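Let me begin by presenting the structure, written as structure tokens, before commenting on it.
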Amino acid sequence: MGMLDPIKGFGVTFSTMFKKVVTEEYPEVFYPTAPRYHGRHQLNRHPDGLEKCVGCELCAWACPADAIFVEGADNTEEERYSPGERYGKNYQINYLRCIGCGLCIEACPTRSLTMLNFYELADDDRQKLIYTKEDLLAPLLPGMEAPPHPMRLGDDEQDYYVRGPELARQAGQDRQSSEVSAQ
Amino acid sequence: MTLAHQKPSETAQTEVPEGHVRLTIDGQEVIAPKGELVIRTAERMGIVIPRFCDHPLLDPAGACRQCLVEVSMGGRPMPKPQASCTITVADGMEVKTQLTSPVADKAQKGVMELLLINHPLDCPICDKGGECPLQNQAMAHGRTDSRFVDRKRTFPKPLKISTQILLDRERCVLCQRCTRFSQQIAGDPFIDLLERGAQQQIGTSETAELEKSASHTPDGTPFQSYFSGNTIQICPVGALTSAQYRFRSRPFDLVSSPSVCEHCSSGCAERTDFRRGRIMRKLAGDDPDVNEEWICDKGRFAFRYTTARDRIRKPLVRGEDGELHEASWPEAMRLAAEALLKARDGKGIGVLTGGRLTLEDAYAYQKFARVAARTNDIDFRARAHSAEELQFLAAQVAGTTPEHVSFASLEKAPIVLCVAFEPEDEAPIVFLRLRKAARKMGTRVAFVGQWTTSSVRKTSGELLACEPGGEAAALDGIAEHAKDIVEALSAEGAVILVGERAATMPGLFAAVQRLAERTGARVAWIPRRAGERGALDAGAVPTLLPGGAPVTDAGARAALEKLWRLPEGSLPAEPGRDTAGILAAAAAGELDALVVGGVDPDDLPDPRAAREALDKVGFVLSLEMRPSAVTERADVVLPIAPTAEKAGTFRNWEGRDRPFEVTLQNTGAVPDCRVLDTLAVEMDVDLFTQTPKAARADFVRAANSVTRPAATPVEAAPEAEQAKAETNGHVKLSTWRQLIDNGSLQVEEPHLAGTARPAVLRLNEATAQRHGIVPGEPATIRTERGELSFPAEIADLPDDVVWVPSRSPVGVYEALGVGHGGLVQLSAGTAAGAESAEGPAGETGGAA
Ligand code: SF4
Ligand code: SF4
Ligand code: FES
């Protein structure tokens, strides 16, 4: 055992002091994720505010961690949540289970379920980590109306799906122009 | 018939037995019975040929073409692929399925592609997704992309065939399973193929004027079937769905558990699918001996009573304020036990069990009555009943097994005579068997009844019409007016079926027995409720011990005392009172307490007297699931488990045990037998019926330790001899319950209720004219007690007889105070009290 050995041990420490730090000052400084990062889910809406989810449970079926629970129900003329006959009445994602694999959003046939970059999914209460439909639904953008309400963009669900991209573009333009006029 | 499994080399040497042929399938030699379909022979060999329309219980149709195979006969290939579900085996036939023949494979792929051209591929919102033969086959053998670029044919969807059955025509693959089921098995005017080519669709004759008339059949009568749910189950795609289950869950959510139907005495095998502790749907189980693969709509759709909002989940005790309050089990038990002990040592306790118990629960009730309450005052018959009936049950029914009469023997019988029994309404699966027997085996079906009901029509039956109440006389006179029927009944295997309504007619059971003795025909009793037959065998009657020995038999009592470890001579020896007797005694203050299971006073011949008795008697203990007329009057209410939450056995009308296990585990609900056992312990008596299993073992020991006496002749009740009552202007009432009505197990099922038969008053043309009644317009029947109105309909009843349903929705006994065979006044128009906005109601009758 050489005399310098105890000091040698600090070699790494000293040399690191002069390198660029890798530590992130989270949560004081928020660092953005990669653009395709699999964060929290969102249930999207059609441009008129109707929900895209049809309660098909394909996401729940695809989920390898059994984190998703869905219950479908019928839309009625008086109470319509999505175009077409079926909507997701109950929707829950358990973030204690979710592994962020994204298989659910691949399975979703209506692009209702997508993922955000939001990753602050921690809590000291298990119950609070089971996100319900209210937590997951996308916010109402200008021009959107909270369901239940009748179909505003067509006579049946075909109009919503076949003309989907066009409707989205249109809604985007309307929104922009309304924002302009608001200014 | 498992010759198919023999090795080819062996078969080559084996002789082909009589009535069989030798053929090869995919190069394997096989011997098959003549007339067998190629698809079945292949199935037996383990070769799966894809199919949609083929169903073993339906006649072959060859509609979907998915099962194409290559066939050559004696080395000469047939020019085109053949449908293996319609072609029968032949000697020297050579079959090549998709496994060995590229031709068959290509043909099948082509059919699949064509089937999918107009299919909407809306699997994500389709109920069948995940258990769909079309989906499976498309995934296994279909193309991954579509070559069809044009617009798909679409239909407005869904089409409401009834309140329950919905049809998405664009999903349909036109296999015609549904239409064949309706025509062949159920015999109901349902739906059929319409149009041609790409527009071919399932529908009704009026689907042109779609929405409104969709639920009407060609002759304009509303679509109505008791078996419509089966079409959903056999539809190989999601074209037919039920309003009840639509969008509720996915196959992978469901836990399936085999179960037994709790509704009628057929005892159908079912599969109950539940999700997170809630039943989502019921499907028909496959039991060739009992229900084959079918169940009725009541068995399929009536189950939400278990989750009814008002279900009683905690014991209730009537407080000082006269209201029921929740109490703990120990407290409720203590109160009940104290009151019952006092009553037992006072004037006594009566036990009414109701007809919906399992064998185990019924056994616990009778043991409770005999051992804890020390009485024979116990009766399961919560309906019209008679001493003559009890005699008949003791002599002819108790202890019989399916060897006596079974579903299979109905098929083999040369003739089946139904007496006071309407199979389609009372035991729908018996009806399906009778129809099958009539269609396939040429069984003659005859009915002693009042009019050509749909059961009569659909079994190609003969009606021996008689006045209500005149059934006994009709049977006695059958030798004169229907000689051929007596002759047929004398043949080997003939069967007489008696329904529960027979108890309302004095002398009928005696007449049935006389006829059976004269002809040698076998007699079977088919009660309406699932628990009646088991309750009889368990001894929940005033005159019989478990196992069918009479209570007056000292030897049997001694044997049971030994088995139950009771002091000698402690079992009551006197026959007890029947339901009516118990209620009368309670009203007269001759009983101090009543223990009541699932009894609805409106089912009894005198509902008012029953309610009065419950009001008057000192103490009422009610074991119930939901609030009822009994709980309203009870001092202590103990909640019990519905069928899905307990294990047990229903003994069906054949005497066949239909055991089932718990479907929904750990709900905290306890079966009657456990409640009674604990209650008895509080009363210082051991019943040993803590669990259904224990109760069952005890029952088997008890039944084996006594001997059933030889059948004794049934004596006709004295009333039978009475001169015919003067009718003076009255008409006679014929009535029975329809399958779907206001029964207490059918609550919270609006879609099912919508498929009930409309409640109408039926009468013949002459009677209608005499009373100025116009078909379709309301008519009223009344007695001193009250009146009932229904729209009138003409049917072939005898003169001066009317028919109404017993509880659709109002109870006939409650409203009129008379039942089948009673006298009522008839007039046009609605009831005086009832408001009527319907057009010219005619005169409102005299005695308003
Ligand atoms: S989010 Fe998408 S996949 Fe999940 S239930 Fe809704 S529609 Fe179906
Ligand atoms: S509705 Fe279903 S059962 Fe009926 S023909 Fe179409 S696919 Fe077959
Ligand atoms: S299964 Fe043979 S044609 Fe349909």
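So that the names make sense, note that chain A is the first sequence line, chain B the second, and so on, each numbered from 1. Model, not experiment: these values are computed from the prediction. For the numbers below, each heavy atom of this structure counts, side chains included, while hydrogens, waters and symmetry mates do not.
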Atom [atom1] of [X] with >12 non-hydrogen neighbours under 6.0 angstrom:
X	atom1	result
A:F10	CZ	no
A:E28	CD	yes
A:R163	CZ	yes
A:K89	NZ	no

Residues of residues 241-256 of chain B with a heavy atom under 4.5 Å from any heavy atom of chain A, in residue-number order, are B:R246, B:F247, B:R248, B:S249, B:R250, B:F252, B:D253
Pairs of donor and acceptor atoms involving the side chains of residues 148-157 of chain A, under 3.5 Å and at least two apart or interchain, shall be tabulated with distances.
from	atom 1	to	atom 2	distance (Å)
A:H149	NE2	A:D48	O	3.1
A:H149	NE2	A:E145	O	3.1
A:R152	NE	A:E145	OE1	2.9
A:R152	NH2	A:E145	OE1	3.2
A:R152	NH2	A:E145	OE2	2.7
A:D156	OD1	A:Q158	N	3.1
A:D156	OD1	A:D159	N	3.4

In this structure, CD of A:E71 is separated from CZ of B:R278 (nearest 0.5 Å) by 8.0 Å
Here the gap from B:D168 atom CG to A:E85 atom CD, rounded to the nearest 0.5 Å, amounts to 6.0 Å
Minimum heavy-atom distance between B:P124 and A:C56, given as atom pair plus value:
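Between these two residues, the closest heavy atoms are O-CB, 2.8 Å.
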When the 4.5 angstrom heavy-atom criterion is applied to A:Y87 and chain B, the contacting part is neither
